[in-house]
Number of protein chains: 2
Amino acid sequence: MQYLQDAMTPEDVPEEAPEPRNLRGRSAAHVAERIRDRILSGALPPGERLSERSLTEGLGVTRTPLREAFKILEAEGLLNIVPNRGAQVVELSSADVDMAMELLAGLESVAAELACARGTSEQFAEVAALHARMVACQRAGDLVGYFRINQNIHQNIVDCAHNPALSRVYRAESARVRLYRFAGNRVSARWSRAVMEHEQILLALQQRQGPLLRELLRAHHLNGWHVTRKVLDNEVQPDL
Amino acid sequence: MQYLQDAMTPEDVPEEAPEPRNLRGRSAAHVAERIRDRILSGALPPGERLSERSLTEGLGVTRTPLREAFKILEAEGLLNIVPNRGAQVVELSSADVDMAMELLAGLESVAAELACARGTSEQFAEVAALHARMVACQRAGDLVGYFRINQNIHQNIVDCAHNPALSRVYRAESARVRLYRFAGNRVSARWSRAVMEHEQILLALQQRQGPLLRELLRAHHLNGWHVTRKVLDNEVQPDL
DNA sequence: ATGCGCATGATTGCATGCAATATGTGAAAC
DNA sequence: GTTTCACATATTGCATGCAATCATGCGCAT
């Protein structure tokens, strides 16, 4: 299955918090974060085999914390570890992504009603501001910025539900399919429609119309994923 | 926060598949499974500190795979690892469990419509059979059996959605709160009502009435969790 | 040419050792 | 009696070494 090479650029990786000089006790987490960023940015593409030797040299740690990081990333669903044959970046089938998208849509629909019930107007304003920035990216033809902010908007809506467990699961599952997810946006016919849908979504959120928001998000997801799926299956030529 | 000491007895842990005699390459996963079982059975209670020494002796492995297992369980949300101070079983606050229950209810409501759309009648029969066994446990006063089968029924309904990602997330989140979740069932006044609700749920599932099933599951969850919460907060004396 | 078997080097899995940090204990000061 | 500090002990973090497994290349038979 195809995937989007450049869903995320290096600038997309938030610059890490000023690390404690000595990261004793945090090596594995630190390494996992570095590798996770490389996977999510596409620098380590699906199917890529991760050799312990090259990564220890690249990251300046020894094999023990590296192997611990592998276990973390495997638990997150980003790596497969095959005994005696090392780790490789998970490759998702079209069916896998279908299922993940269905789950994400479900999580968003759950979040919708909670967000309308509990989101603060500050949070809604934040979403609105992101939307404005996304439209600016669209106008400027900045695909990468558009993707990033789009992703951000959806996460922000989920966060409006004020349920950390929901936010955490959404974030993790979203990350798993990130590379596959946004290829549909390469079809620019979809762009303007997606922006319109987002405007409706924003309105429903601000007016706290939970059931409506739920349906809008569900429809938005289905629309977007339909297009994306066709691109991934090479039925439609992307505009690049 | 209180939790249920005996939500699961050792017999509850499915006897492991006949392991390959040599588990090279599977040590960490094996160890993680053993520790996970101990946490879910309550043998390792929330807050318990896990010393590497005692676990290596108890499990017959060395520290390297044990520490890898710790990382896996931390990623699953079952352990906290504090640098230089080892691992301990996660303790959830009342608010944490609230949020997790809200998420579980949401996941079930998403599953409901999918299950009605895609579940096979064999799967529905399986759920019905589990329900019958659960009622038998209720009549026999077998609390532990009742808890286990109840949990099983809910997982089975989710599995009817035929979405592996959804099933996986539901299983993981369900495990995280298992010890806290079923204390409400210790109030036997709740038992008969819960069984009645289950009968309605089963009916809606068999008749593939998605929206109805969704509402029934949501109500079932809210009812059950309300009672459980009061027990955990010591507002109601359990019947034990 | 093609496929198979085997030797050899590379890679992984895990045990162990050493350094850094935390913890426990008792003596001294107040 | 309580508190504080120093030291001894225990525990954790990570580097490294050895054994098991895998991958690669070559010779040999077909």
Side-chain angles (χ1 to χ4, degrees), chain A residues 16-36 38-39 44-76 78-91, chain B residues 16-36 38-39 44-76 78-91:
Chain A
E16 49 261 48
E19 300 159 27
R21 186 161 318 279
N22 179 5
L23 41 74
R24 177 185 165 95
R26 271 165 275 257
S27 277
H30 175 77
V31 169
E33 192 180 325
R34 298 282 304 269
I35 297 175
R36 190 186 303 115
R38 291 191 195 181
I39 294 172
L44 293 171
E48 178 91 349
R49 186 167 158 191
L50 306 186
S51 119
E52 294 184 359
R53 169 185 292 270
S54 61
L55 281 173
T56 51
E57 289 171 358
L59 297 172
V61 294
T62 56
R63 291 175 57 218
T64 305
L66 175 65
R67 290 172 52 80
E68 291 176 355
F70 280 178
K71 300 292 185 190
I72 295 171
L73 295 167
E74 184 183 38
E76 291 177 7
L78 294 175
L79 292 184
N80 277 328
I81 300 180
V82 183
N84 295 316
R85 292 178 54 180
Q88 58 183 62
V89 181
V90 165
E91 271 181 300
Chain B
E16 47 261 47
E19 301 160 24
R21 187 159 317 278
N22 179 3
L23 40 75
R24 177 186 164 93
R26 269 165 275 261
S27 276
H30 175 76
V31 169
E33 193 181 324
R34 298 283 303 269
I35 298 175
R36 190 186 303 114
R38 292 191 195 181
I39 294 172
L44 292 172
E48 179 90 349
R49 187 167 159 189
L50 306 186
S51 116
E52 295 183 0
R53 168 186 290 270
S54 62
L55 281 172
T56 51
E57 289 170 0
L59 297 171
V61 294
T62 56
R63 292 174 55 215
T64 305
L66 175 66
R67 289 173 53 80
E68 290 176 356
F70 281 178
K71 299 292 185 188
I72 295 170
L73 295 167
E74 184 183 36
E76 291 177 7
L78 294 176
L79 292 184
N80 278 328
I81 301 180
V82 184
N84 295 317
R85 292 178 52 180
Q88 58 183 64
V89 180
V90 164
E91 272 181 300

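Order of the sequence lines sets the chain letters (A, B, ...), proteins ahead of strands, with each chain counted from 1.
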Any Ser27(B) side-chain nitrogen or oxygen under 4.0 Å from OP1 or OP2 of dC14(C) = yes
- Query: Using a cut-off of less than 4.0 Å, is there contact between a side-chain N or O of Arg24(B) and OP1 or OP2 of dA20(D)?
  - Reply: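 Checking dA20(D) against Arg24(B), no side-chain N or O comes under 4.0 Å of OP1 or OP2.
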Just the rounded figure in Å: distance from [atom2] of [N] to [atom1] of [X].
| X | N | atom1 | atom2 | result |
| --- | --- | --- | --- | --- |
| Phe70(B) | dT11(D) | CZ | P | 13 Å |
| Leu55(B) | dT11(D) | CG | P | 12 Å |
| Glu52(B) | dC14(C) | CD | C1' | 14 Å |
| Glu57(A) | dA10(C) | CD | P | 13 Å |
| Arg67(B) | dG13(C) | CZ | P | 17 Å |
| Ile81(A) | dT11(C) | CD1 | P | 17 Å |
| Lys71(B) | dG13(C) | NZ | C1' | 18 Å |
| Leu66(B) | dT12(D) | CG | C1' | 12 Å |

Of all heavy-atom pairs between [X] and [Y], which one has the smallest distance, and what is that distance?
| X | Y | result |
| --- | --- | --- |
| Glu91(A) | Gly47(A) | CG-N, 3.3 Å |
| Ile81(B) | Glu74(B) | N-OE2, 3.4 Å |
| Ala69(B) | Ala32(B) | CB-N, 3.6 Å |
| Thr56(A) | Arg53(A) | OG1-O, 2.7 Å |

Could you say whether Asn84(A) or Pro65(A) is positioned toward the 5' end of DNA chain D, judged by the nucleotide with the nearest heavy atom to each?
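Going by which nucleotide is closer to the 5' end, it is Pro65(A).
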_So, applying side chain to side chain contact (heavy atoms under 4.5 Å, CB included) with Ile35(B), which one of Leu73(B), Ile72(B), Leu78(B), Val89(B) is it?_
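So the option named by the test is Leu73(B).
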- Test for a donor-acceptor pair under 3.5 Å between the base of dG13(D) and the side chain of Arg85(B), counting only N and O atoms. no
task: Check whether the side chain of Ser51(A) and the base of dT11(C) form a donor-acceptor pair under 3.5 Å.
output: no
Whichever of Ala28(B) and Arg49(B) has the more 5' nearest nucleotide on DNA chain C, that residue is Ala28(B)
> Is Arg63(A) touching bases, backbone alone, or none of the nucleic acid, heavy atoms closer than 4.0 Å?
Replying inline: base
NA contact type, Thr64(A), heavy-atom cut-off 4.0 Å: base, sugar-phosphate, or nothing?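 The residue Thr64(A) makes base contact.
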